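Just so you know, these numbers use all the heavy atoms, side chains as well, and skip hydrogens, waters and symmetry mates. Note that the structure is predicted; figures quoted are calculated from it, not measured. One-based numbering, in listed order, for ligands and for the atoms of each.
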Amino acid sequence: MTSELSPIDKAKFVAAKQATEYVKSGMKVGLGTGSTAAWLVQCLGEMVRNEGLQIKGVPTSNRTANLARQVGIEVITLDEAKWLDVTIDGTDEYDDDLCLIKGGGGAHLQEKIVATASDQMIVIADASKKVDTLGAFPLPVEVIPFGMRTTQSLIAETLIGLDVLGRDITQRTVGDAPFVSDEGNFILDLHLKRIGDARQLSLILNQIPGVVENGLFIDICDVVIVGHGDGKVDVRDITKGTEDQVRFDVLDDENLFADLTD
Ligand code: 5RP
């Protein structure tokens, strides 16, 4: 079973597995969206079913809600939870200050609300997500469908005065149809190539009428856990100022993988 997982999936798995160390019984946990977060949900589900872990999960998308229920995690809404102990999510990019670009899966609106309502946000990733400067990954901006082209023009005009390298904007699609978020909105992807001042860009974008939320996460993430294909995991806690390394030998545990990939 282990040999069936690609190095990148092993990296995502060990990052997710290490992140479960931050989850204790009684906690309310924000559950991210994407392929790395899906490993986390699988790992937590396994702990709920086999180790008596008792948690309530607040998913950041319909996809994650479905998976969480499937693996046995009790799902509640953010309004029921009010505040969360921890949120664990993937990312599309992270920099040295643990600023992020998220939204590759189109879920950054709920992800940002949930992460912001948490004592701690932990990002799990493989090493390919680390960048010196944010912006190579297109920045997702969720916009309401009403007047979407006008909103797009306003964003384009705004970008002219900002420190970015590219200014192309595309609407996200699924096949020939527009991608529609869980909130019923559209996503514009901003191909900026390099973002000089992510904090300024985030504030300015969110002032444009029609913009619901952009995918920049500034000063939200506390810990990044980076997995590698050989089972090594790097943990960086920006609040505590610590950097640690752990090594997993679970990669040889055929039964664990069998369970998680079923
Ligand atoms: C979804 C996200 C994801 O966390 C991000 O796209 C990373 O996904 P993956 O773990 O599949 O690489 O922001 O909106």
Residue and atom name of the nearest protein heavy atom (relative to atom 7 (C) of ligand 1), distance in Å to one decimal = Thr91 O, 3.3 Å
inquiry  = Starting from atom 6 (O) of ligand 1, what is the nearest protein heavy atom, named by residue and atom, and what distance separates them?
reply    = Asp92 OD1, 2.7 Å
task = Using a strict 4.0 Å cut-off to heavy atoms of Gly106, name the atoms of ligand 1 that fall inside it.
result = 14 (O)
query = Which option out of Pro140, Ser128, Gly103 puts a heavy atom nearest to atom 13 (O) of ligand 1?
reply = Gly103
ask   = Does any N or O in the side chain of Glu183 come within less than 3.5 Å of the main-chain N or O of Leu109, such that one atom is a donor and the other an acceptor?
value = no
key: Under 3.5 Å donor-acceptor, Thr20 side chain and Lys17 backbone   = yes
key: Identity and distance of the protein heavy atom lying nearest atom 12 (O) of ligand 1   = Lys129 NZ, 2.7 Å
inquiry  = Please check this pair: side chain of Asp222 against backbone of Met121, looking for a donor-acceptor N/O pair closer than 3.5 Å.
reply    = yes
request  = Can you pull out the closest protein heavy atom to atom 9 (P) of ligand 1? Residue, atom name and distance to 0.1 Å, please.
outcome  = Ser35 OG, 3.3 Å
message = Run the salt bridge (Lys or Arg N to Asp or Glu O under 4.0 Å) test on Arg172 and Asp189 for me, step by step, so that the C-alpha distance in whole Å, both residues' side-chain angles and the decisive distance to 0.1 Å come before the verdict.
response = CA-CA 6 Å; Arg172 194 174 302 180; Asp189 289 308; 2.9 Å; yes
request  = Answer with side chain, backbone, both or neither: which part of Asp89 has a heavy atom less than 4.0 angstrom from an atom of ligand 1?
outcome  = side chain
query = Quick one: does Ser6's side chain have a donor or acceptor within less than 3.5 Å of a partner on Asp9's backbone?
reply = yes
query = What distance do Thr151 atom OG1 and Leu188 atom CG have between them, rounded to the nearest 0.5 Å?
reply = 8.0 Å
query = Got the closest protein heavy atom to atom 10 (O) of ligand 1, with its distance?
reply = Thr36 OG1, 2.5 Å
query = Any non-hydrogen atom of Gly32 lying under 4.0 Å from ligand 1?
reply = no
query = Any sub-3.5 Å donor-acceptor pair from Asp237's side-chain atoms to Glu243's backbone N or O?
reply = no
query = N/O of Gly34 under 3.5 Å from N/O of ligand 1, yes or no?
reply = no
ask   = Is it the case that Lys112 places NZ or CZ above or below the six-membered ring of Phe217, under 6.0 angstrom from the centre and within 45 degrees of the axis?
value = yes
inquiry  = Looking only at protein heavy atoms, which one is nearest to atom 3 (C) of ligand 1, and what is the separation?
reply    = Thr33 O, 3.2 Å
